[in-house]
**Student:** 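Below is the structure I would like to discuss, written out as structure tokens.
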Amino acid sequence: MLFDFEPLVYRVASISKLFWQEYINYFEDARTMVKVGTSKLFAFPSFTLEVFHRLYYESEPEELDPLSPESAWALLLHREFQQLIGFDELVQQCQGNQLAAGLATVEYCCLVYDRLPPPMPRFANPQQYRQLIRQLKHQPSVPPSQVFEQILTSPQTTSPTGLPLPTTRQQRERSLWLRQLIEDSSDRSLELIQLLQQEGKQAVWQAQQYAESLDETQVRQMLRVALNAAHEKLSEASGWLEILGLSWGNEMGGERSVSSAEKMALAQKIALHAKLKQIAVVAGRLQQIAERKRRSQALDAFGEITTVELGDNLSRLLPTELQKLSTPDLFPLFALGYYDRSLLQYKTRGKEKQCKGPLVVCLDSSGSMDGLPDTWAKAVTAVLGQIAQREGRHLRIIHFATRVCRVDDFPPHHHDFSRLLESMLAFYNGGGTAWEPALLSATECIEQEQQFDRADIVMVTDGKCEVKREFIEQLKIRKQQREFNIYGVLIGGAGERQMKQFCDRIWVVRDFISDEVAIEELFLL
């Protein structure tokens with residue numbers, strides 16, 4: 001155990017303790033937060049557990065026995081936290097979700113620790129004095145010196161996590177005095193108990209004074225900042241998971257169940273790599289574009305006429321409604337119908353591509369892709385991976401420069417999410433660019449592996465590259481025989497003429513912001 005939880009203000013479910021300890025074991029920043037917080041206040045571990053409990057388990061826990069007086073400061077913070085606007089929304093995001101509750105707790109408690117004024121002077125944990133008194137009373141056979149020795153490692157000199165605290169001349173003198181008292185104690189247990197009671201009362205009084213010194217207005221301001229930081233952290237982490245096609249709760253699609261522990265490990269991996277976090281930000285924007293386009297495809301596409309409906313779409317009006325435009329006396333009726341969206345129009349159903357096959361992404365890792373182009377290309381690949389996972393399609397990622405550098409396979413419903421992150425981090429800086437090796441690898445898997453039958457190939461590159469005419473002619477024959485398509489995403493525009501020789505369609509990206517919408521049809525593959 002990293003630390004022993006102190007007695008809590010409220011009942012904390014055992015499941016909360018287990019989950020919070022498991023979360024701490026996964027995340028170094030959580031362990032650091034608890035250790036550093038303990039150096040300021042001995043009860044900080046129990047405070048963090050209580051926050052986690054309120055977010056994860058229940059926002060209004062059942063009260064137990066009368067509160068210990070040293071818990072007054074924590075009670076004040078919990079009460080003000082619960083009354084903040086946005087607290088209920090945060091609970092809804094975190095309830096029953098270990099990862100969300102843990103991330104929010106760490107971010108919230110870090111801000112609280114940073115802004116909470118330290119107690120001056122530091123006070124010891126009264127609970128330790130109570131435990132020593134019980135041992136002296138109920139274990140008369142144990143020499144008092146053995147029991148009392150524990151007080152020398154109390155929070156006045158060392159925190160419960162083992163972190164050394166700053167020592168003062170007064171503390172050093174007190175330590176020497178206590179050690180001398182132990183040596184002279186013999187069987188004077190009653191005197192030792194009285195001394196412990198005095199020390200304990202002093203610690204309780206100091207804790208009460210500290211709680212009373214906290215200004216409620218300043219506390220509320222501090223907690224608002226901490227609450228907003230928790231919300232921002234969850235929003236950021238949600239983007240981390242979305243890059244993999246995952247969410248806080250159930251996955252976006254597929255048959256494989258991903259545990260909270262696995263999600264924690266994946267989130268930790270992303271949190272430790274600035275590159276992955278950058279990809280997640282761009283992928284989040286592209287994901288919104290993809291979802292918007294896929295939702296509107298069937299609604300707005302002019303396809304098969306199914307029936308008649310009321311509306312104001314001028315391109316689908318019935319001839320009888322259009323005739324009103326040619327008659328001045330009927331125009332007011334047309335205008336009223338248009339305003340009320342009650343004109344008769346055809347209802348259509350967009351035609352979607354059926355039996356969508358696997359996706360093979362050829363990802364350029366040449367030197368010129370280093371930096372933002374590579375981040376943007378990886379984000380496009382991540383969104384295609386989300387689509388493949390949700391629709392149960394096989395995904396293959398082929399990294400290439402002048403040769404094929406790496407191949408990653410992600411079968412439907414069995415995505416290895418850790419390997420996907422490794423694939424996003426992979427960059428080989430191979431110098432030049434050669435499309436032929438990547439295209440050859442992609443076409444060979446379509447021809448030789450049944451699971452890639454009728455796959456779509458997506459080439460993401462920024463390079464200007466020459467391709468032999470013989471290779472292009474053979475590629476066209478293979479496309480016709482195996483019925484697959486090749487699409488190009490060209491970053492920068494150089495090489496468009498060459499790509500047109502073998503691509504069915506090309507999306508050219510010159511601006512990484514304004515051209516995001518230009519590639520939205522790519523996500524309908």
**Student:** Among residues at least two apart in sequence or on other chains, which ones pass ring pair (Phe, Tyr, Trp, His ring centres under 6.0 Å) with F27?
**Tutor:** Y23
**Student:** Is there a side-chain contact between Y56 and C94 (heavy atoms, below 4.5 Å)?
**Tutor:** no
**Student:** Would you mind reporting whether V112 and F81 have side-chain heavy atoms less than 4.5 Å apart?
**Tutor:**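 They are not in contact (no side-chain heavy atoms under 4.5 Å apart), so the answer is no.
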**Student:** Quick one: list whatever passes ring pair (Phe, Tyr, Trp, His ring centres under 6.0 Å) with H394, sequence neighbours left out.
**Tutor:** F452
**Student:** Does the side chain of E107 come within less than 4.5 Å of E236's, by heavy atoms?
**Tutor:**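 E236 vs E107: side chains apart.
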**Student:** To the nearest 0.5 Å, tell me how far T375 OG1 sits from D370 CG.
**Tutor:**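 Between T375 OG1 and D370 CG, I get 8.5 Å after rounding to 0.5 Å.
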**Student:** Using the ring pair (Phe, Tyr, Trp, His ring centres under 6.0 Å) criterion, which residues pair with W376? Sequence neighbours excluded.
**Tutor:** F512
**Student:** Verify the neighbour count for atom NZ of K500: are there more than 12 heavy atoms of other residues, nucleotides or ligands below 6.0 Å?
**Tutor:** no
**Student:** For the atom pair CD (Q278) and CG (L372), what is the distance rounded to the nearest 0.5 Å?
**Tutor:**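 So the gap between those two atoms works out to 8.5 Å.
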**Student:** How close do S342 and L310 get, heavy atom to heavy atom, and via which atoms?
**Tutor:**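 Reported closest heavy-atom pair: O-CD2, 3.3 Å.
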**Student:** Using a 4.5 Å cut-off on heavy atoms from C-beta on, say whether the side chain of F484 contacts that of V360.
**Tutor:**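 Not touching, per the 4.5 Å side-chain cut-off.
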**Student:** Taking all non-hydrogen atoms of both residues into account, name the closest pair between Q345 and D312 and its distance.
**Tutor:**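 Looking at all heavy atoms of both residues, the shortest contact is OE1-N, 3.1 Å.
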**Student:** Quick one, S418 and K269 - any side-chain contact, counting heavy atoms below 4.5 Å?
**Tutor:**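 Answer yes - side chains close enough.
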**Student:** Working to the nearest 0.5 Å, report the span between CG of D408 and CG of L363.
**Tutor:**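 These two atoms lie 10.0 Å from each other.
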**Student:** Kindly write out the residues that satisfy ring pair (Phe, Tyr, Trp, His ring centres under 6.0 Å) with F334, not counting sequence neighbours, or none if the list is empty.
**Tutor:**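 Counting only residues at least two positions away or on another chain, F334 forms no ring pair (Phe, Tyr, Trp, His ring centres under 6.0 Å).
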**Student:** Should V380 and V509 be marked as a side chain to side chain contact (heavy atoms under 4.5 Å, CB included) after you check the CA-CA gap, both sets of side-chain angles, and the distance that decides it?
**Tutor:** CA-CA 12 Å; V380 170; V509 178; over 6 Å; no
**Student:** Is the shortest heavy-atom distance from the side chain of Y108 to the side chain of K233 under 4.5 Å?
**Tutor:** no
**Student:** Step by step, work out the side chain to side chain contact (heavy atoms under 4.5 Å, CB included) result for R115 and Q221.
**Tutor:** CA-CA 10 Å; R115 301 193 175 207; Q221 292 175 348; over 6 Å; no
**Student:** For the residue pair A229 and L111, what are the closest heavy atoms and their distance?
**Tutor:**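 Taking every non-hydrogen atom into account, CB-CD2, 4.0 Å.
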**Student:** Look at atom CD of Q480 and say whether more than 12 heavy atoms of other residues, nucleotides or ligands are closer to it than 6.0 Å.
**Tutor:**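 Atom CD in Q480 is not crowded, with 12 or fewer foreign heavy atoms closer than 6.0 Å.
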**Student:** If I compare all heavy atoms of L244 with all of F417, which pair ends up nearest, and what's the gap?
**Tutor:** O-CE2, 3.2 Å
**Student:** Given L41 and L116, is the side chain to side chain contact (heavy atoms under 4.5 Å, CB included) satisfied, shown in steps?
**Tutor:** CA-CA 10 Å; L41 284 166; L116 192 66; 3.5 Å; yes
**Student:** Return the minimal non-hydrogen interatomic distance between K263 and L246, and the atom names on each side.
**Tutor:** CG-CD1, 4.5 Å
**Student:** F471 and Q501: side chain to side chain contact (heavy atoms under 4.5 Å, CB included), yes or no, with the steps?
**Tutor:** CA-CA 11 Å; F471 179 84; Q501 298 179 78; over 6 Å; no
**Student:** Under the salt bridge (Lys or Arg N to Asp or Glu O under 4.0 Å) rule, collect the residues that match up with K476, sequence neighbours excluded.
**Tutor:** none
**Student:** Nearest 0.5 Å, what's the OG1-CZ distance between T443 and R478?
**Tutor:**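 T443 atom OG1 to R478 atom CZ measures 4.0 Å (nearest 0.5 Å).
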**Student:** Side chains of residues 434-442: which donor-acceptor pairs under 3.5 Å do they make with residues two or more places apart or in other chains?
**Tutor:**
| unit_1 | atom_1 | unit_2 | atom_2 | d |
| --- | --- | --- | --- | --- |
| W435 | NE1 | T461 | OG1 | 3.4 |
| E436 | OE2 | K468 | N | 3.0 |

**Student:** If you compare all heavy atoms of D364 against all heavy atoms of F400, which two are closest, and at what distance to 0.1 Å?
**Tutor:** N-CE2, 3.4 Å
**Student:** Between L90 and Q93, is there a side-chain heavy-atom distance shorter than 4.5 Å?
**Tutor:** yes
**Student:** Measure the CG-CD1 distance between D511 and I491 for me, rounded to the nearest 0.5 Å.
**Tutor:** 12.5 Å
**Student:** Does a side-chain heavy-atom distance below 4.5 Å link F502 with K479?
**Tutor:**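 Of all side-chain heavy-atom pairs linking K479 with F502, none is under 4.5 Å.
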**Student:** To the nearest 0.5 Å, tell me how far L103 CG sits from F52 CZ.
**Tutor:**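 The distance works out to 10.0 Å.
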**Student:** Between R505 (side chain) and Y487 (backbone), is there a donor-acceptor pair under 3.5 Å?
**Tutor:**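 Not a single qualifying donor-acceptor pair exists.
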**Student:** Parallel, tilted or perpendicular: which describes the rings of Y113 and F44, with under 30° parallel and over 60° perpendicular?
**Tutor:** perpendicular
